[in-house]
Amino acid sequence: MAGWMGRVVRVDLSSGEIRDEPFDQDVWRRFLGGRGFGAKVLWDELRPGVDPLSPENRLIFAVGPLTGTTAATSGRGSVSTKSPLTGTITDANTGGKFGVIFKKAGLDALIIQGKAPKPVYLLVSDEGIQIKDASDLWGKNTDETTDLLLEREGSRASVACIGPAGENLVRYAAIINEKHRAFARGGVGAVMGSKNLKAVVARGLRTVEIADKERMKFVTYEANKWLRAHPITSKGLPEFGTSVLVNIMNEAGIFPSYNFRQNMFEFAEEVSGEAITEKILVRKDGCWGCIIQCARRTRIPGDEGEGPEYETNWALGPNCGIHDLEIITRANYLCNRLGIDTMSAGGTISCAMEMTELGYYDAGIRFGEGDKLLEYLKKIAYREGIGDELAEGSLRFATKHGHPELSMTVKGQELAAYDPRGAQGQGLAYATTNRGGCHLRGGYLIGRELLGVPRMIDRFSAVGKGSHTAILQNLGAALDSLVVCRFASFALNEIVWGRLLTAVTGVKYDPEDVLEAGDRIFNIERMFNVREGFSRKDDTLPRRLLEEPAPMGPTKGRVVELDRMLDEFYEFRGWDSNGVPKPETLRRLGLEECLNG
Amino acid sequence: MASEKYRELMEEMKRIGRIVFQAGLNNSHSGNMSVRVGRRILITRRGSMLGFLKDEDIIETGLEQDDSGISLASTEVAVHRAIYKGTSALAIIHSHPITAIALSIVQDEIVPIDVEGSYYIRRVPVIEFEFGTGSKEMEEVLPKYLKNYRIVMVKGHGAFAIGDFLEEALHYTHVLENIAQITWRVRAMGIDTRQFEREYFHKW
Amino acid sequence: MKVQCRLFASLREKVGAKEKLLDLPRGARVSDALASLGLPSEGSYILLRNGVHAELHEPLSEGDVLSVFPLIAGG
Ligand code: SF4
């Protein structure tokens, strides 16, 4: 088989059974891989209402047809599950090299269910799959775990593991691979912890078969030509990393700070990509085989690591009123070692800070307290004292203390570093993501509303945003399933992805087939959420963004006009006015499985 | 006239229409264009001058069926609907670029031989219709091609370009006409242009 | 008239400053400001005039803040 490896393995950690699943080609053609395959399994196998932290939940590691090929940015991997943070379907995507090594072990996907009686790790290699004892690793941070496992399984292996946060079921625990890369969001690490699974170690030397080598060669050539020519992928990202966005978002008045109390940050310059380059950068770095190299290898007194990326930088910094780059970087490293999602951690702590400042509840931490931030991250990971409450995420925390409106979340997941009051489409995108507050799964409207890629649209207008958002969501769902990096799509469009996919698999995919696959994936995810009881009422934003006009700068006086945009969005998608996909829409997308459900 | 809430899109149609005309991609009264919002379409009025669009030249209609004002819309509205239903396009420009049309009469595909052109377009298929424009056949066939290419030529007739934005469709159209001009000029020097074509563009 | 220009990312090195106060003739446009910064107007930039997306041909006013970014992205 070309493109796909043709192998799916199911591991039941309760019984210790490991078996090969039939490889259903039709499913892989329709859902591509990665996020799409994960969604299909979750739809088919999860009973509605299942507790995400119960043995019944599934954790699906999957790669896609492009993973590990010469296709640009194909060094990535994906994991899907039902989120303990949001109760929705969720998927997380990571860089580094784990995805590629996983595929080289000869697998497209690993479906994990059950719960091991004692801590274990999984070795996934081209020589076989084994459940191994991890009792001695339990309690160790991700750095230590990774080192020990590499020692044990060989340095060519790649380790994806959880830290104390995952073990202690922090609802936004991450899975960390190669120490610095993360399957970050939605609490995928907690699901792993709930299964007593400390790590997945991949090792292998298989190669991906390419159906049409000649075509692959020229399409790769064309794609790389574009990546090298495009100012964003050839200069913008490599030169200053993702944090280069700090200043532009701030100048445009959509850089939130102090838990979104402000839409600008007075110390933005101090945490900008320019400052990172000047003060802490060691060198640039990147994922397996990527020519863009957007990652930052950094150093601070006494420590070295990667990051902070833009979203992390913001969540742990400005959104908590902190502007000391060294502390932010230290907090970033700490989150990686503890295995916590930096965005939800920052968003939860900033909520606690605001609760304290307003006198609603004394969480013992106020805006700007950087040293305490570090201390609180540890408390969260070990669920010590107040950390136990904060480990539940900002929505549960704020609700418990009577002020859910201070949780800056959608469907219970913390938002990203863009204030949608000055970017209407991004507001709609946040509101309609399938995995809760996220700038990527909802569609990166910022590209069109602020950065002008591929074209600039009026960021203050609500008209037409429903259509643009839906299209970007579909494209994004496809990219997460191929699996490739979102950043490549600043330069490459669906035509290139369609050509690459055709060359690799030998199955003809027109560019529109790629988008349609994304549409199908987005809809099956939505159906999963609908089955769990989600609908229009959940496609909303924190009250602050809908009712409190932005206080500062060029965005001053604006709120998000969500309802207008939602109507257009549902119409464009072929969903009813309550946000449920219509039968004819499901039929058009070939989602027969959702019709009889 | 389209609803006032679509003001920005109407202004954008006027702006792009003007460029399409000034660039010689249409004659005074030829061509048409549209944009999609949700399940609504804004399309230029039949026989309107794209270079000088007025509010009343922009007609609003549904994606699925005819409603108010539809008899005024471009005769090719059915084709636009079919394209929107068959692709993810949010904008369509139908134009009559002279040199590209000339090439389409004598060849079955257009591939760029210049550097700029080959950055944006690798291949433009030329489609031949037995029953001419505005026919049912066109409604069926065009979307199929546009699933695979962002711009196509109808033999001896004109170009259809799609995009997420009118400007994107305009860009494709303009690049195609430039490619055609360059090819034609090189040939006018008595030189066979095929030697400059990249082999793999034909398979793109 | 006075226009405050703020420069970002690689443009800081190009222009040799983070900020520059320009004294431009009345009626000057965004493209004129770029020219007096020594930046070619055919380059790709993101331009914000008082925080709002601006076009090259747009006229400037006394006291405007013009933020100039190279084409960048992230997220
Ligand atoms: S662009 Fe950055 S995140 Fe994406 S694959 Fe390349 S190095 Fe990794």
Side-chain angles (χ1 to χ4, degrees), chain A residues 230-237 239-254 263-264 269 272-274 277-278 292 294 309-311 313-314 416-418 422 426 439-440 444-447 449-453 456-460 486-487 489-491 552-556, chain C residues 1-22 24 29-75:
Chain A
H230 198 284
I232 288 180
T233 45
S234 70
K235 289 209 188 69
L237 279 169
E239 279 180 10
F240 291 93
T242 53
S243 285
V244 73
L245 290 184
V246 168
N247 277 323
I248 184 164
M249 295 309 151
N250 196 50
E251 294 286 301
I254 65 161
N263 57 312
M264 295 174 83
E269 179 66 35
S272 64
E274 290 88 334
T277 304
E278 196 188 306
I292 302 175
C294 76
E309 298 290 334
Y310 173 66
E311 309 290 346
N313 182 354
W314 161 81
Y418 311 92
Q426 194 59 46
H439 57 298
L440 295 174
Y444 192 63
L445 267 288
I446 292 299
E449 296 189 315
L450 263 299
L451 307 173
V453 276
M456 197 75 83
I457 50 180
D458 183 354
R459 64 189 171 106
F460 298 125
R486 296 295 187 90
F487 292 155
S489 65
F490 285 121
M552 305 161 86
T555 297
K556 189 171 176 168
Chain C
M1 67 185 174
K2 300 257 191 287
V3 170
Q4 184 70 32
C5 289
R6 295 191 194 148
L7 299 144
F8 298 95
S10 54
L11 300 180
R12 287 184 176 173
E13 206 177 315
K14 240 182 220 154
V15 176
K18 281 187 186 178
E19 292 204 24
K20 256 193 169 174
L21 187 64
L22 299 181
L24 296 167
R29 293 164 192 273
V30 172
S31 52
D32 299 320
L34 288 183
S36 62
L37 291 166
L39 295 170
S41 62
E42 64 278 5
S44 7
Y45 308 101
I46 302 171
L47 300 162
L48 300 178
R49 180 174 153 240
N50 303 322
V52 179
H53 174 62
E55 302 286 348
L56 279 176
H57 56 78
E58 201 169 304
L60 292 161
S61 311
E62 168 76 34
D64 274 353
V65 176
L66 182 69
S67 312
V68 191
F69 302 82
L71 215 49
I72 51 178

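Proteins come first, then strands; the chains are lettered A, B, ... in the order of their sequence lines, and each starts at number 1.
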Self-check item: Contact winner vs chain C - A/R459, A/M249, A/E239, heavy-atom pairs under 4.5 Å
Solution: A/R459
Exercise. Check whether any side-chain heavy atom of A/L450 sits under 4.5 Å from a side-chain heavy atom of C/I46, and report yes or no.
Key: no
Practice problem: Begin with the C-alpha distance, continue with both residues' side-chain angles, and end with the deciding distance and a verdict on salt bridge (charged side-chain N to carboxylate O under 4.0 Å, His left out) for C/R6 and A/E274. | Solution: CA-CA 13 Å; C/R6 295 191 194 148; A/E274 290 88 334; over 6 Å; no
Quiz item: So which of A/I446, A/V453, A/I232 has the biggest tally of heavy-atom pairs under 4.5 Å with chain C?
Solution: A/I232
Exercise. Measure distances from C/S10 to the heavy atoms of chain A and classify the residue's part below 4.5 Å as side chain, backbone, both or neither.
Key: both
Exercise. Would you mind telling me which of A/G447, A/G273, A/P231 has the largest number of heavy-atom pairs within less than 4.5 Å of chain C?
Key: A/P231
Quiz prompt | Heavy-atom side-chain contact between A/I248 and C/F8 under 4.5 Å | solution = no
Quiz item: Which atom pair, heavy atoms only, marks the closest approach of C/A9 to A/V244?
Solution: CB-CG2, 3.9 Å
Quiz item: Does atom CD of C/E62 have more than 12 heavy-atom neighbours from other groups under 6.0 Å away?
Solution: yes
Practice problem: Quick one: closest heavy-atom pair of C/L71 and A/H230, and the distance? | Solution: CD2-CE1, 4.4 Å
Self-check item: Point-to-point distance, once rounded to the nearest 0.5 Å, from NZ of C/K18 to CG of A/N247
Solution: 9.0 Å
Quiz item: If every non-hydrogen atom of A/P554 is compared with every non-hydrogen atom of C/V52, which pair is closest and at what distance?
Solution: CB-CG2, 4.0 Å
Quiz item: Of the backbone (N, CA, C, O) and the side chain (C-beta and beyond), which part of A/E251 lies under 4.5 Å from a heavy atom of chain C, both, or neither?
Solution: both
